[in-house]
Amino acid sequence: HSVRMRTELQAARDAQMAIMPQVEPEVEGFEVSGLCIPAHEVGGDFFDYFWLEGERRHLCVVVGDVAGKAMRAAMAALMSDGMIFSRVRQGGDIEEIMGSLNRSIHEKIGKRMFTALCAMVLNPETGELTFANAGLCEPLMKSGAGVEYLTSPGATLPLGARADTVYQRRTVHLAGGDVIVVFSDGIPEARSHSGGLYGYDRPRDLLARLDVSALSAENIRDTLIQDARRFAGGSHHSDDMTLVVIKAK
């Protein structure tokens, strides 16, 4: 029995990992770098990059987290990612995209498999980053010396929770050196051996301390993930850790 369980978990993890981008996107004036570290028993995290309408003009960055564990969560992550890919290729604004994804996931994936998702669209020419957040952690933005969590207007229910949810977008402007960090709740909910939570202050304070001008997006990504893992002290993390960094050069 345990051998079969292990084999199924490995298959679920392999399927989940297969949808992650193998290379970082090339975007004029920006660096983008993401990583998903799967949990011991496989969660439902994923991240991905798509070009809006399939043209290399506007980059869509998504970080998702499907409720649930093991094979079901991995399969729901695959389905969600596939739906997002096909929907983003159709274009439209981010509210429309999120609304139709929400309806599709509500119909197809079922009632208990909600997908928290933050979707961002980057216009490299203007530096505008437009996003809508359906239940994922609020992204961090570092601009100059200041670091803040980016709250979303309107509803923040995960996709699939209610068919009629209306999502609203928010737009921020990225100048040279600005950094955006998008992550799943596996990071703030990482636990130390004594049961303490990593929380939301630590990643914000760490990002505030970092001299991001001297670091690549990949360096920033790895520094943040390593800090959360060090806090957890090698105890089996029970949830995936996913983090994507967008840096304006």
Side-chain angles (χ1 to χ4, degrees), residues 1-22 34-50 60-90 97-120 132-139 155-165 167 182-191 197-198 225 228-229 232 235-244:
H1 170 69
S2 63
V3 173
R4 204 185 84 214
M5 272 296 293
R6 271 207 302 279
T7 311
E8 182 178 298
L9 281 175
Q10 191 56 53
R13 175 167 299 167
D14 291 348
Q16 181 194 13
M17 290 296 117
I19 61 172
M20 310 287 174
Q22 304 308 306
L35 185 67
C36 173
I37 300 171
H40 181 51
E41 66 262 37
V42 184
D45 277 18
F46 62 95
F47 72 95
D48 216 336
Y49 315 123
F50 313 105
C60 182
V61 175
V62 298
V63 175
D65 178 4
V66 179
K69 289 273 180 275
M71 192 54 113
R72 283 192 66 204
M75 291 301 112
L78 261 69
M79 281 182 67
S80 298
D81 187 63
M83 287 180 192
I84 295 162
F85 172 73
S86 61
R87 184 58 190 81
V88 165
R89 288 187 78 84
Q90 295 168 34
I97 291 172
M98 293 294 269
S100 59
L101 281 173
N102 177 58
R103 289 188 294 277
S104 300
I105 288 173
H106 187 263
E107 285 168 24
K108 294 226 169 42
I109 301 184
K111 299 292 177 277
R112 289 173 306 284
M113 298 294 279
F114 306 143
T115 302
L117 184 84
C118 185
M120 302 193 146
N133 193 348
L136 203 76
C137 304
E138 292 179 349
T156 55
L157 283 172
L159 299 177
R162 290 183 48 171
D164 58 352
T165 306
Y167 296 96
V182 198
F183 55 94
S184 68
D185 63 7
I187 289 178
E189 291 177 8
R191 286 190 179 276
L197 282 174
Y198 186 65
I225 284 199
R229 295 186 86 184
S235 54
H236 270 316
H237 52 280
S238 61
D239 201 3
D240 298 343
M241 289 186 179
T242 305
L243 191 141
V244 176

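Numbers here are sequence positions counted from 1.
Closest approach of H106 to G160, counting heavy atoms only: CD2-O, 3.0 Å. Closest of all the heavy-atom pairs between A15 and L78 is O-CD1, 3.3 Å. The two residues D240 and G44 come nearest to each other via the heavy atoms OD2-N, 3.4 Å. Between D48 and P21, the shortest heavy-atom distance links the atoms OD1-CG, 3.5 Å. Residues F46 and D65 come closest through the heavy atom pair CE2-N, 4.4 Å. Scanning both residues, A77 and I19, for their nearest heavy atoms gives O-CD1, 3.9 Å.
Side chains of P139 and M120 form a contact here, defined as non-hydrogen atoms less than 4.5 Å apart. Proximity of Y198 to I187: side-chain heavy atoms (C-beta onward) are separated by under 4.5 Å at one or more points. When side chains are defined from C-beta on, F47 does not count as touching S184, because their heavy atoms never get closer than 4.5 Å.
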Checklist entry - F114 and I105: side-chain contact (heavy atoms from CB on, under 4.5 Å), yes or no, with the steps? => result CA-CA 8 Å; F114 306 143; I105 288 173; over 6 Å; no
Item to check | Criterion side-chain contact (heavy atoms from CB on, under 4.5 Å) on I37 and R229, from CA distance to verdict | outcome: CA-CA 10 Å; I37 300 171; R229 295 186 86 184; 3.7 Å; yes
Item to check | S80/L117 under side-chain contact (heavy atoms from CB on, under 4.5 Å): CA gap, chis, key distance, verdict | outcome: CA-CA 10 Å; S80 298; L117 184 84; over 6 Å; no
Checklist entry - Yes or no on side-chain contact (heavy atoms from CB on, under 4.5 Å) for M83 and I109, after CA distance, side-chain angles and deciding distance? => result CA-CA 11 Å; M83 287 180 192; I109 301 184; 4.2 Å; yes
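In terms of modelled atom types and a separation under 3.5 Å, the side chain of D14 and the main chain of A18 share no donor-acceptor contact. The closest donor-acceptor contact from the side chain of N102 to the backbone of L159 lies at 3.5 Å or more, if one exists at all. Looking only at distances, no side-chain donor or acceptor of R87 sits under 3.5 Å from a matching main-chain atom of M98.
Atom-to-atom distance recorded for Q10:CD and M17:CE is 10.5 Å, nearest 0.5 angstrom. Put simply, SG on C60 and CD1 on I84 are 8.0 Å apart, with the number rounded to the nearest 0.5 Å. Note that the CG atom of D185 and the CG atom of L136 stand 7.0 Å from one another [nearest 0.5 Å].
Between the side chains of T242 and D45, at least one donor N or O lies within less than 3.5 Å of an accepting N or O.
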